[in-house]
There are 2 protein chains.
Amino acid sequence: MVSIYQRIFMDIEAKIISGDWRPGDRIPVEHELVAEYQCSRMTVSKALSALVERGMIVRRRKTGSFVASPQIDRTVMDIQDISTEAELAGHEHRFELLTRKIERLGETEAQQLSEAPDAEILRLQCLHIVDGRPNAIERRIIMLDAVPRAREESFASIPPGKWLLAEVPWSKAKHVIRAVSADTATARILQTERGKACLCLIRQTWQNGRTVTYVEITHPGDRFQFAGTFHPTAN
Amino acid sequence: MVSIYQRIFMDIEAKIISGDWRPGDRIPVEHELVAEYQCSRMTVSKALSALVERGMIVRRRKTGSFVASPQIDRTVMDIQDISTEAELAGHEHRFELLTRKIERLGETEAQQLSEAPDAEILRLQCLHIVDGRPNAIERRIIMLDAVPRAREESFASIPPGKWLLAEVPWSKAKHVIRAVSADTATARILQTERGKACLCLIRQTWQNGRTVTYVEITHPGDRFQFAGTFHPTAN
DNA sequence: TAGTGGTCTAGACCACGGG
DNA sequence: CCGTGGTCTAGACCACTAT
């Protein structure tokens, strides 16, 4: 049996995850939800509080409740530049598109992503430069059936991650963090040595059960790390 | 202004973090808290629900609410063996104590840990073996003023992490994840090559504002990874 | 069966902040 | 000012489960 506040929670979550309600959109005020669900205000409040806890909405007195800004990339945001850990501001960020190809998903990758082998994809490779030094290489696959508008976007001036966030702000994501040795190509791009330890963040995101994008972001291990208090949550 | 349910939440959290209430201990039933805080049952319930959300207590009908088992090591638990990702059971775990020394904290490390330079510590090094292969090397510092009983423990048969969990089950922790190249000693112990990419988890834990332990766990990068959905939480 | 938590109601008063 | 969320009350009924 699903309780009333759980139903309210799930209904609103679904609207946000599906993109029906986008960041900044106002959600119904409490008394409207009270009328819609025929329940008391406390019950509505419990559902909304849970949504705040998850970071999906923000509530403001007088003005109402709104869909929050996406937080799906927060993990990546927390990557810290070891050499300049102290100075949290004043970094110069730059971005270079290395390759952009429309292809079909190969057999191996299709299996890895649990998607159809012939699905049309956009394959991107780009380099992130911070303070003049290569910071990360990003290898990304965008599923064109899920995000058809990516076909018309050149990604010459906007990083794919940022573009996707604007296009598909909320999604479910799975992360994997690995240590890998730099292969020849990676080492060359990151201006480091072949075999050097790199920290690799892999993320696959879904919306409405369909894969939106798959990305591997590889950082030079001597220059970057994750920090914080991590809580793996149930998948 | 702190609300009633927040005060209840913080009071109980403090009892658990301080070790006053230990895992498995029963916490007062709702009507007792209602009497203690002179508030309604809903207010108590809200505080207890928040504690459940954080994983600090479990609530059972008829029997009451209890301090949950510690979860501070959950991040580490989620390390997955890449080669045997499929088989989630049937692993053979072994543990070897390599070194055990009582020393005083050096200048550099003291700064790193934000502790006094002459603090007495127990320095441990051990090797974790899973299915016959070196899985991780653990380099640990235990602050003897915070955990004096560690002085009498040989750690010959019980892993320090497990012992500490029994001794100091709840604490605040900070994690850092890095990729490092194996140095000669590490490579030898992990039976891999020098310079090989390794995944290093660093964790410092505190209880009542004092450092309890600092540990670096280094895994061979080709055999291990973190997986899951990570939510870095505000420090 | 009885004690416990799970959920809900129909109000209430207050704090905040935009107009 | 007044609409909004933040918190709280004093009950209520039900579900679960140890005994």
Side-chain angles (χ1 to χ4, degrees), chain A residues 1-16 21-71 170 233-234, chain B residues 1-16 21-71 170 233-234:
Chain A
M1 190 51 199
V2 57
S3 55
I4 303 177
Y5 82 86
Q6 283 173 342
R7 215 174 78 237
I8 301 174
F9 179 98
M10 292 185 303
D11 286 355
I12 295 176
E13 184 189 39
K15 293 261 196 192
I16 295 173
W21 291 349
R22 301 179 61 84
D25 285 0
R26 180 172 176 164
I27 75 171
V29 295
E30 295 189 350
H31 76 82
E32 290 171 329
L33 292 168
V34 163
E36 182 179 346
Y37 287 93
Q38 293 283 298
C39 66
S40 76
R41 198 182 144 219
M42 271 239 79
T43 306
V44 166
S45 181
K46 187 168 181 179
L48 296 185
S49 297
L51 286 161
V52 169
E53 190 94 13
R54 294 284 194 93
M56 303 201 70
I57 68 169
V58 293
R59 306 176 79 186
R60 278 196 292 271
R61 284 169 156 131
K62 171 66 182 177
T63 48
S65 301
F66 302 83
V67 177
S69 296
Q71 60 166 8
W170 283 93
T233 51
Chain B
M1 191 50 200
V2 56
S3 54
I4 303 175
Y5 82 86
Q6 283 173 340
R7 213 174 78 236
I8 301 174
F9 179 99
M10 291 186 302
D11 285 355
I12 295 177
E13 184 189 39
K15 293 260 196 193
I16 295 173
W21 291 348
R22 300 178 62 84
D25 284 1
R26 180 173 176 166
I27 74 171
V29 294
E30 296 189 351
H31 75 84
E32 291 170 328
L33 292 169
V34 163
E36 182 179 346
Y37 288 92
Q38 293 283 297
C39 66
S40 77
R41 197 183 144 220
M42 271 238 82
T43 305
V44 165
S45 181
K46 188 168 181 178
L48 297 185
S49 297
L51 286 160
V52 169
E53 190 93 13
R54 295 284 195 91
M56 304 201 69
I57 67 169
V58 293
R59 307 176 77 184
R60 277 196 293 271
R61 284 166 155 133
K62 170 68 181 178
T63 51
S65 302
F66 302 83
V67 177
S69 296
Q71 60 165 10
W170 283 94
T233 52

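Not measured: the values here are computed from a predicted model. Protein chains get the first letters and strands the later ones, always in sequence-line order, with residue 1 at the start of each.
Residues from residues 39-50 of chain B lying near DNA chain D, meaning a heavy-atom separation below 4.0 Å, are B:C39, B:S40, B:R41, B:M42, B:T43, B:K46 in numerical order. Non-hydrogen atoms lying under 4.0 Å from DNA chain D are contributed by A:R26, A:V29, A:E30, A:H31, all within residues 22-37 of chain A.
Inter-residue side-chain proximity for B:I57 and B:I16 is flagged as met; some heavy-atom pair is nearer than 4.5 Å. Residues B:C39 and B:I8 meet the side-chain proximity criterion, which asks for heavy atoms closer than 4.5 Å. Contact of the A:I27 side chain with the A:K15 side chain is not registered, since no non-hydrogen atoms from C-beta on lie closer than 4.5 Å. Contact of the B:R59 side chain with the B:S49 side chain is registered, since non-hydrogen atoms from C-beta on lie closer than 4.5 Å.
Rounded to a whole Å, the CD1 atom of B:I4 is 14 Å from the C1' atom of C:dA12. Whole-Å rounding puts the A:R59 CZ to C:dG17 C1' distance at 16 Å. Spacing between atom CD1 of B:I8 and atom C1' of D:dT7 amounts to 12 Å, rounded to whole angstrom units. Atom pair A:F66:CZ and D:dT4:P shows a separation of 11 Å (rounding to whole Å applied).
Once rounded to the nearest 0.5 Å, the distance linking CD of B:Q6 with OG1 of B:T43 reads 12.0 Å. Atom CZ of A:R26 and atom CZ of A:R60 lie 10.0 Å apart (nearest 0.5 Å). The CG atom of B:L48 sits 10.0 Å away from the CZ atom of B:R41 when rounded to the nearest 0.5 Å.
Contact between the side-chain N/O atoms of A:Y5 and the OP1/OP2 oxygens of C:dC8 is not found at any separation under 4.0 Å. Within the structure, a side-chain polar atom (N or O) of A:S65 is placed less than 4.0 Å from OP1 or OP2 of D:dG5.
For A:G55 against A:A68, the heavy-atom pair with the smallest separation is O-CB, 3.4 Å. Listed here is the closest heavy atom pair of A:P23 and A:W170: CG-NE1, 4.0 Å. Across every non-hydrogen atom of A:A47 and A:F9, the tightest pair is O-CD1, 3.8 Å.
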**Request:** Might you work through the side-chain contact (heavy atoms from CB on, under 4.5 Å) test for B:I12 and B:M56, ending with a clear yes or no?
**Result:** CA-CA 9 Å; B:I12 295 177; B:M56 304 201 69; over 6 Å; no
Pick out the pairs of N or O atoms, protein on one side and nucleotides 15-18 of chain D on the other, that lie under 3.5 Å.
from	atom 1	to	atom 2	distance (Å)
D:dA15	N3	B:R61	NE	3.3

